[in-house]
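Here's the structure, in structure tokens; my notes come after.
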Number of protein chains: 2
Amino acid sequence: MKKKYHHGDLKNALVENAIQLLECEGLPALSLRRVARETGVSQAAPYSHFKDKRALLAAVASEGYRRFSARMRKEADARPDYYTLSLGMGYVLFALENPALFHLMFDGQLSEPLDDEAFNSYQLLVDGVEQHPLGVRKSPHGKTLGTAVAWSVVHGLATLLLNKNFTPQDYGFTEMESFVEHVLSSSLHPPNEQAKP
Amino acid sequence: MKKKYHHGDLKNALVENAIQLLECEGLPALSLRRVARETGVSQAAPYSHFKDKRALLAAVASEGYRRFSARMRKEADARPDYYTLSLGMGYVLFALENPALFHLMFDGQLSEPLDDEAFNSYQLLVDGVEQHPLGVRKSPHGKTLGTAVAWSVVHGLATLLLNKNFTPQDYGFTEMESFVEHVLSSSLHPPNEQAKP
DNA sequence: GAGCTATCTTAACATTGTCAAGTTATAATT
DNA sequence: AATTATAACTTGACAATGTTAAGATAGCTC
């Protein structure tokens, strides 16, 4: 390929290389200059497409959410009979497969205004839970607390596994996937009835 | 107070000021030079006490875990009859009261070798769950998955509330504390019996 | 007192995010 | 097709950061 003054697709190339760098060398290695260098443009070139470094990271996170949604859907489509459980497994597996990206997405430091792509991901999970109710107690005001519980379990499990706060081995499991499935089904498929307040 | 060449207690002062800065202006504002300046010493002074910036941050996180444990114990001691639930509430409330510190503690980027203080915090929660079993299904190998579930819910809830991924208002609650209590008790106090595998 | 050593300072280096000023290629207009 | 305009890039600079090397100072031991 030829070396052109105008790259032609720099914006996407920057995001792509940023993701590459992020997953290969981690967040600390992700400098704007480095991304630019790796993309073959000068240090200030990214500023034609992104206001900030944070804007680049936001774009990276946005792409992350796109893949996140896809990963969850893939898992859920494969097991429609366990829709909610599969969504959750997709959630956790994505985190384990893309640690740095997942971390960036949920870092909080950047996403002040909630991205569309992010919102869609959340909605996927929320809708899944709402449409496949779990038998969890309703809140006093009639909205299902189950969504909050499910989201919390899934997100917490993903985070704690990432940080190696515990491992499947700690619980006698040899395979990650089996462990995740058991943990999630423990909390996502509670018994039919509910105890008193 | 007098301006001495030898500070006398610089190591602790640095950690203290770092925490201050962290909570007041956030992680991005936390530079080694800034902490040194605020403490009244020169830019390279911290290197007499910390190998790295990461070492300083690790010390900050360690102090964070100390306060974290205290916060959980305080809550649990106040309601011994709801021991596990209270531990969980302490967990979440600490996160909400010390957002940046909590974030740093669980960032993962630093704590490769698990700190003692950190381990103690975790053990507090784990022991709490183990000693006050929740009736959650056991794993095939006999260890309680309940610990993983409980830890996940609590950590996920803390994280998602911090990131404002949802709010108590979304579920019709006006008070944070009440919301947290309901979510946690939904998942920490499941009904007595358990459904089939 | 003399000397040791931990503690702290000053000076410097490479790297980073960011901006201002210029350059070049593409698109728009004529 | 020539000119113009505009978007996409480059170079060069600035302040701030993490970190190291070399030196100064103070409190300790003998």
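Letters A, B, ... mirror the listed sequences (proteins, then strands); counts begin at 1. When reading the values below, keep in mind they use all heavy atoms of this one structure, side chains included, and skip hydrogens, waters and symmetry mates.
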Atom pairs and distances, side-chain donor-acceptor, residues 155-163 of chain B, under 3.5 Å, sequence neighbours left out:
| residue | atom | partner | partner atom | Å |
| --- | --- | --- | --- | --- |
| H155(B) | ND1 | Y91(B) | OH | 2.8 |
| T159(B) | OG1 | H155(B) | O | 2.9 |
| N163(B) | ND2 | F106(A) | O | 2.8 |

### Task
Report the distance from atom CZ of R37(A) to atom C1' of dC9(D), rounded to the nearest whole Å.
17 Å
Strictly under 3.5 Å: I want the nitrogen or oxygen pairs between protein and nucleotides 12-14 of chain D, one per line.
| residue | atom | partner | partner atom | Å |
| --- | --- | --- | --- | --- |
| dG12(D) | N7 | Q43(A) | OE1 | 3.4 |
| dG12(D) | O6 | Q43(A) | OE1 | 2.6 |
| dA13(D) | N6 | Q43(A) | OE1 | 3.2 |

### Task
Answer yes or no: does a side-chain N or O of S42(B) lie under 4.0 Å from OP1 or OP2 of dT9(C)?
yes
### Message
What is the separation between atom CG on L57(B) and atom P on dG18(D), rounded to the nearest whole Å?
### Response
9 Å
### K53(B) NZ to dA16(D) C1', straight-line distance once rounded to whole Å
11 Å
### Task
Answer yes or no: does a side-chain N or O of H49(A) lie under 4.0 Å from OP1 or OP2 of dA7(D)?
no
### Query
To 10°, what angle do the rotation axes through the five end pairs on each side of the helix from dG1(C)-dC30(D) to dT30(C)-dA1(D) form?
0°
### Message
Please enumerate all residues that pass salt bridge (charged side-chain N to carboxylate O under 4.0 Å, His left out) together with R79(B), with sequence neighbours excluded.
### Response
E181(B)
### Query
NZ of K51(A) versus C1' of dC19(C): gap in Å, rounded?
13 Å
### Message
Does dA15(D) have OP1 or OP2 under 4.0 Å away from a side-chain N or O of R34(B)?
### Response
no
#### Entry: S152(B): partners by side chain to side chain donor-acceptor pair (under 3.5 Å), with sequence neighbours left out
none
### Summary
ring pair (Phe, Tyr, Trp, His ring centres under 6.0 Å) filter on F166(A), not counting sequence neighbours, yields Y171(A), W151(B)
### Pairing residues for Q20(A) by the side chain to side chain donor-acceptor pair (under 3.5 Å) criterion, not counting sequence neighbours
none
### Task
For Y47(B) and dT10(C), give me the distance from atom OH to atom P, rounded to whole Å.
17 Å
### Task
For DNA chain C, determine which residues of residues 10-32 of chain A have any heavy atom closer than 4.0 angstrom to one of its atoms, and list them numerically.
S31(A), L32(A)
#### Entry: Results of salt bridge (charged side-chain N to carboxylate O under 4.0 Å, His left out) for E75(A) - residues two or more places apart only
R71(A)
### Task
Applying salt bridge (charged side-chain N to carboxylate O under 4.0 Å, His left out), name anything that partners E177(A), two or more places apart in sequence or on another chain.
none
### Task
Please report, rounded to the nearest Å, how far the P atom of dG18(D) is from the CZ atom of R54(B).
14 Å
### Message
So, using ring pair (Phe, Tyr, Trp, His ring centres under 6.0 Å) as the criterion, who are the partners of F94(B) when residues are at least two apart?
### Response
F68(B)
### Query
Below 4.5 Å, heavy atoms only, C-beta onward: do F179(A) and E175(A) meet side chain to side chain?
no
### Task
Could you list the residues that satisfy salt bridge (charged side-chain N to carboxylate O under 4.0 Å, His left out) with E117(A), not counting sequence neighbours?
R66(A)
### Heavy-atom closest contact (M105(A) atom, Y65(A) atom, distance)
O-OH, 2.9 Å
